[in-house]
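Below: the structure, in structure tokens.
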Amino acid sequence: MLLVVDIGNTNITMGFYKDDQLINNYRLNTRFSRTSDEYGVMLSAFMNANNYKAEDIQDVIISSVVPKVNYSFSSSIIKYLNIHPTFVGPGVKTGISVKIEHPSSLGADRLVDAAGAYYTYGGPCIVIDFGTATTYDVVSENGEFLGGATSAGIGITANALSSMAAQLPEIEISTPDSVIGKNTVKSMQAGIVFGYIGQVEYIVKKIKEEYGENLKVISTGGLGKILYHQTSCIDVYDRELTFKGLKIIYDKNKKKIKNPA
């Protein structure tokens with residue numbers, strides 16, 4: 001099996017591939033203070049819950065935007081699985097040509113999502129990832145990453161509202177029945193969710209105008225499903241897009257990936 005891992009600012013998500021099939025996935029909070037043994041114990045617990053053994057895992061590929069976690073997490077993979085993981089970065093083929101200023105500054109997560117979207121759904125396309133930040137990325141018909149836009153994620157928006165205004169509570173992010181909220185919670189939900197939908201629709205519209213032709217819009221990310229059902233501007237919601245991108249990149253590099261015992 002192949003273990004694919006996405007280390008994000010809020011969560012670490014892990015998926016297990018058997019051949020070309022994603023068979024299980026797990027999520028845990030990203031914490032800088034965790035040791036390699038803590039990550040190893042959690043990974044072992046996930047595996048034990050499904051009767052997987054360490055020897056069942058042949059390779060590990062990781063996308064990370066949190067450098068502080070990389071050492072302890074990769075050390076846990078080496079210690080508990082006896083595998084040296086591959087990190088998406090310089091020297092790893094992705095099948096995506098990066099056409100932005102300072103290509104090395106592009107986050108691995110955006111590159112992985114671009115690969116997942118382009119090789120699964122084709123191009124040109126807009127890839128929206130509703131994560132800690134929301135990113136809108138453009139991939140051309142020829143698989144070129146052309147750039148995009150970044151905004152505060154919907155979770156950050158909600159947290160900022162409640163933390164900066166003394167009389168506003170923390171709320172669950174869900175779609176209210178009406179944009180005219182009859183109480184404080186419903187009012188906040190309406191402003192956050194419908195306001196965010198407005199942002200999505202406007203940015204997608206402007207990207208399409210600037211690009212000059214129609215683009216398929218693919219979205220992913222934990223809260224993306226809420227927004228997908230509220231707007232017609234998103235063509236596809238794919239919760240597993242990042243996992244697919246990691247698997248695609250692994251397949252492009254597996255001949256040169258070696259894991260010393």
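Sequence positions, counted from 1, serve as the residue numbers for this chain.
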Flag yes if V185 and I226 sit in one hydrophobic cluster, no otherwise; membership is Ile, Leu, Val, Met, Phe, Trp, Tyr, and two members link when side-chain heavy atoms are under 4.5 Å apart.
yes

Side chain of Q58, backbone of D56: donor and acceptor closer than 3.5 Å?
yes

State, to 0.1 Å, how close I203 and A149 come at their nearest heavy-atom pair, and which atoms those are.
CG2-CB, 4.5 Å

Of all heavy-atom pairs between G95 and Y119, which one has the smallest distance, and what is that distance?
O-OH, 2.7 Å

Has N253 got a side-chain atom pairing as donor or acceptor with I249's backbone, closer than 3.5 angstrom?
yes

What residue among L168, I156, I171 forms side chain to side chain contact (heavy atoms under 4.5 Å, CB included) with L161?
L168

Set out, in order, the CA-CA distance, both residues' side-chain angles and the distance that settles side chain to side chain contact (heavy atoms under 4.5 Å, CB included) for E38 and T35, then state yes or no.
CA-CA 5 Å; E38 287 176 299; T35 67; 3.4 Å; yes

Side-chain heavy atoms of S63 within contact of F87, under 4.5 Å:
no

Is there a side-chain contact between V60 and H84 (heavy atoms, below 4.5 Å)?
no

Measuring from atom CG of D235 to atom SG of C125, what distance do you get when rounded to the nearest 0.5 angstrom?
10.0 Å

One should read off an interatomic distance between Q21 CD and K18 NZ, to the nearest 0.5 angstrom, of 10.5 Å

Taking every heavy atom of S140 against every heavy atom of Y118, the minimum-distance pair comes out as O-CE1, 3.5 Å

Are F194 and V204 linked, directly or through other ILVMFWY residues, by side chains that come within less than 4.5 angstrom of each other?
yes

Report the C-alpha distance between V200 and I128 in whole Å, list the side-chain angles of each, state the deciding distance to 0.1 Å, and finish with yes or no for side chain to side chain contact (heavy atoms under 4.5 Å, CB included).
CA-CA 9 Å; V200 172; I128 309 176; 4.2 Å; yes

In terms of hydrophobic clusters joined by side-chain contacts under 4.5 Å, are Y52 and L28 together?
yes

Can you tell me which residue pairs pass the salt bridge (Lys or Arg N to Asp or Glu O under 4.0 Å) test with a partner in residues 75-88, sequence neighbours excluded?
D37-K79

Verify side chain to side chain contact (heavy atoms under 4.5 Å, CB included) between S97 and F145, making sure each step is shown before the conclusion.
CA-CA 6 Å; S97 178; F145 186 100; over 6 Å; no

Within the 4.5 Å heavy-atom criterion, are N25 and T13 side-chain neighbours or not?
no

Do you know which two heavy atoms are closest between A190 and V179, and how far apart they sit?
CB-O, 3.5 Å

Side-chain contact, heavy-atom cut-off 4.5 Å: M188 with P169?
yes

Side-chain donor-acceptor contact under 3.5 Å, E170 with S162:
no

Does the side chain of V65 reach to within under 4.5 Å of the side chain of N9, using non-hydrogen atoms?
yes

Going by atom types alone, do Q189 and T175 pair a side-chain donor with an acceptor below 3.5 Å?
no

For the CD atom on E55, are there more than 12 heavy atoms of other groups (residues, nucleotides or ligands in this structure) within a distance under 6.0 Å?
yes

Is the side chain of T30 donor-acceptor paired with the backbone N or O of G8 at a distance under 3.5 Å, no angle test?
yes

So if I apply the side chain to side chain contact (heavy atoms under 4.5 Å, CB included) rule between I77 and each of I57, L3, N82, which one comes out positive?
L3

K208 atom NZ, neighbour heavy-atom count above 12 within 6.0 Å:
yes

Is there a continuous path of hydrophobic side-chain contacts, each under 4.5 Å between heavy atoms, that joins I100 to V139?
yes

At their closest point, which heavy atom of T242 faces which heavy atom of V112, and how far apart are they?
O-CG1, 3.3 Å

Cluster link Y121 to V217, ILVMFWY, side chain under 4.5 Å
no

Any sub-3.5 Å donor-acceptor pair from S187's side-chain atoms to N183's backbone N or O?
no

To the closest 0.5 Å, what do you measure between NZ (K247) and OG1 (T120)?
11.0 Å

Other residues, nucleotides, ligands: >12 heavy atoms within 6.0 Å of Y211 OH:
yes

If we count only N and O atoms by modelled type, under 3.5 Å, do the side chains of T134 and Y196 hold a donor and an acceptor together?
yes

From CZ (F243) to OH (Y17), nearest 0.5 Å:
8.0 Å

Is the count of non-hydrogen atoms from other residues, nucleotides or ligands lying under 6.0 Å from N29 atom CG greater than 12?
yes

More than 12 heavy atoms from other groups under 6.0 Å of CD on E213:
yes

Nearest 0.5 Å, what's the CD1-CG distance between I207 and L146?
10.5 Å

Distance in Å, L81 CG paired with K53 NZ, rounded so as to fall on 0.5 Å steps
14.5 Å

R34 and M42: side chain to side chain contact (heavy atoms under 4.5 Å, CB included), yes or no, with the steps?
CA-CA 11 Å; R34 283 197 177 113; M42 290 178 182; 3.1 Å; yes

Heavy atoms of S76 and S36 approach each other most closely as CB-O, 3.0 Å

Check for a donor-acceptor pair, side chain of T220 on one end and backbone N or O of D238 on the other, with a separation under 3.5 Å.
yes

Are D129 and R110 close enough for a salt bridge, meaning some N to O gap below 4.0 Å?
no

Side-chain heavy-atom pair F130, T135 within 4.5 angstrom cut-off
no

Side-chain heavy-atom pair T86, V92 within 4.5 angstrom cut-off:
yes

Do L2 and F16 have side chains that get closer than 4.5 Å, going by heavy atoms?
no

